[in-house]
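Just so we're on the same page: letters track the sequence lines, and every chain starts at 1.
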Number of protein chains: 2
Amino acid sequence: MRGNLFAVAVDLVILTVREGVLSTLLVRRGVAPFLGELALPGGFVLPHEDLLDSAARELVEETGLTITGHHLEQLASYAAPDRDPRGRVLSVGHLALVPDLPEPQAGSDAAASAWYPVAEVGHLAFDHDRILAAGVERARAKLEYTTLAATFCPPEFTVSQLRGIYEAVWGTELDPRNFQRKVTNTPGFLVPTARKVSTGRGRPAQLFRRGEATSLHPPMLRD
Amino acid sequence: MRGNLFAVAVDLVILTVREGVLSTLLVRRGVAPFLGELALPGGFVLPHEDLLDSAARELVEETGLTITGHHLEQLASYAAPDRDPRGRVLSVGHLALVPDLPEPQAGSDAAASAWYPVAEVGHLAFDHDRILAAGVERARAKLEYTTLAATFCPPEFTVSQLRGIYEAVWGTELDPRNFQRKVTNTPGFLVPTARKVSTGRGRPAQLFRRGEATSLHPPMLRD
DNA sequence: CCAAAAGTGTTTATAATACACCCATGC
DNA sequence: GCATGGGTGTATTATAAACACTTTTGG
């Protein structure tokens with residue numbers, strides 16, 4: 001085997017939609033390097049861990065969320081020779097899509113973490129702004145041709161909530177009526193539940209759960 | 001820094017279309033482990049190298065091709081704890097799309113390498129069959145919504161040649177007349193050259209070069 | 001009743017498919 | 001001339017966008 005060895009870390013782009021705004025979970029670093037700067041949550045891969053397991057562990061530590069029902073995928077790896085002043089560290093970026101969660105509580109493991117609107121995020125520690133950009137780009141692309149938008153929603157949700165996800169992630173407005181037909185006519189996208197929900201004003205909306213389908217033909221966005 | 005360190009390798013899925021068949025470059029391993037088995041070309045990342053540079057170097061060593069004008073992108077990383085019997089090795093898979101090249105010459109650096117039709121590839125060393133599958137899947141997906149098919153072609157090519165790429169990669173038949181209009185009407189996909197080429201029978205075909213466009217709206221394949 | 005949001009039906013514009021047809025070459 | 005592949009025009013069909021309209025709630 002060769003002598004040039006790397007430390008391997010996983011870093012997480014955890015996205016959600018809070019109050020109509022695409023947001024990501026960031027941590028304020030408490031140790032050098034980049035002490036005091038914002039960074040993606042992450043950590044080193046343990047001796048007997050695979051990459052996705054390591055990312056799932058970090059996700060639980062940061063959000064309390066287990067993977068079940070949520071989305072976690074690998075993004076890309078970053079290993080520029082000078083990306084970490086401590087030496088050669090390869091970071092495997094991951095993307096997680098989660099429903100709207102309460103702000104992380106002080107006193108917990110994730111005391112230093114908080115949600116930030118993606119559009120307002122400035123420079124991050126290491127090359128984490130590149131990883132964040134890759135995660136947002138991937139999320140946008142995947143909404144187009146998969147049913148992944150529903151992973152941003154709670155277990156039961158309305159068509160309006162789902163539409164809000166698309167509008168927040170893409171920054172566009174969609175016609176509620178055409179959107180409704182599009183998603184309800186896509187086999188396997190939405191499973192109607194027995195319940196309706198009344199959101200104050202207007203006619204109560206049907207509640208849905210995620211369906212089995214994962215790919216979307218035809219795609220959601222048309223240029 | 002942490003004590004659990006990894007060796008980092010890059011492995012390449014190099015795809016081309018030879019005689020209408022999607023094919024990949026594989027090497028017969030000359031050293032343990034997996035001695036004598038087929039594997040993806042690749043090697044360890046050097047001390048001051050970034051990942052893409054390392055992959056580009058391997059590509060040159062295997063094919064003699066420089067990246068200029070060709071396509072090379074990162075696929076994903078693989079780091080299952082038991083994927084290499086020598087210890088913990090993280091492999092960063094890469095995807096290269098290249099035009100049809102002559103069979104590698106005996107006596108060169110790449111003496112042990114040869115082209116194999118993707119459909120006929122059986123089990124590979126390490127977890128390389130997973131990486132190959134990921135590369136083929138990515139290539140198929142990218143043809144759908146990018147102009148990448150042209151990177152399989154020589155610098156100047158006809159619409160028929162380009163259509164042959166799509167048919168080989170997807171295993172479908174496309175209507176030559178509608179295909180022609182589709183690609184010639186997509187702004188920035190093809191740049192006509194001054195020349196035509198006569199391929200024996202039939203009317204000579206216009207020669208094209210790759211255009212500047214990279215994305216394809218609307219996509220090429222419709223379910 | 002009115003406002004507001006949910007949900008349906010219908011028209012219209014646009015794009016994809018199928019395929020008839022013409023063009024330019026080799027033999 | 002005729003076979004062969006290159007290339008264009010057009011009718012048909014499927015799809016998406018626009019929007020009028022009905023439904024069901026709270027006040």
Can you tell which of D/dT10, C/dG26, D/dC19 lies closest to the side chain of A/Asp175? D/dC19

Would you call A/Glu49 and A/Arg57 a salt bridge, taking side-chain N to carboxylate O under 4.0 Å as the test? yes

B/Leu174 atom CG is separated from C/dT17 atom C1', nearest whole Å, by 12 Å

I need the NZ-C1' distance between A/Lys182 and C/dT8, as an integer number of Å. 17 Å

Looking at B/His128 and B/Ala39, would you say the former's side chain and the latter's main chain have a donor-acceptor pair under 3.5 Å? no

Can you measure from CD (B/Glu62) to CD1 (B/Ile14) and round to the nearest 0.5 angstrom? 6.0 Å

Would you mind telling me which residue lines up with the more 5' stretch of DNA chain D, B/Thr158 or B/Arg181, judged by nearest nucleotide? B/Thr158

Whole-Å distance between C/dT17 C1' and B/Glu173 CD? 16 Å

D/dG7 P sits how many Å from B/Arg163 CZ, rounded? 11 Å

Carboxylate-amine/guanidinium proximity below 4.0 Å for A/Glu73 and A/Arg138: yes

Counting any heavy atom closer than 4.0 Å, what does A/Ser160 reach on the DNA or RNA strands: base, sugar-phosphate only, or nothing? sugar-phosphate

For atom CG of A/Asn185 and atom C1' of C/dG9, their distance in whole Å: 12 Å

Side chain B/Asn178 and base C/dA18 donor-acceptor under 3.5 Å: yes

Taking the side chain as everything from C-beta on, heavy atoms only, tell me whether A/Trp115 gets closer than 4.5 Å to A/Leu101. yes

Hey, does B/Leu52 have a side-chain heavy atom less than 4.5 Å from the side chain of B/His94? yes

When you measure from every atom of DNA chain D, which of residues 201-209 of chain A have a heavy atom less than 4.0 Å away? A/Gly202, A/Arg203, A/Pro204

Rounded distance in Å - CZ (B/Arg195) to C1' (D/dG6): 18 Å

For the side chain of A/Arg177, counting heavy atoms from C-beta on, which of C/dT8, D/dG6, C/dT10 is nearest? C/dT8

In whole Å, I'd like the distance from the CZ atom of B/Phe179 to the P atom of C/dA16. 14 Å

Using distance only, find each side-chain donor-acceptor pair of residues 149-172 of chain A under 3.5 Å and give its atom names and separation, not counting sequence neighbours.
from     : atom 1 : to       : atom 2 : distance (Å)
A/Thr151 : OG1    : A/Leu148 : O      : 2.7
A/Glu156 : OE1    : A/Arg195 : NH2    : 2.7
A/Thr158 : OG1    : A/Ser160 : N      : 3.4
A/Thr158 : OG1    : A/Gln161 : N      : 3.1
A/Gln161 : OE1    : A/Thr158 : N      : 3.0
A/Glu167 : OE2    : A/Leu174 : N      : 2.9
A/Trp170 : NE1    : A/Arg140 : O      : 3.2

Please state how far atom CD in A/Gln180 lies from atom C1' in D/dT22, giving the value in whole angstrom units. 13 Å

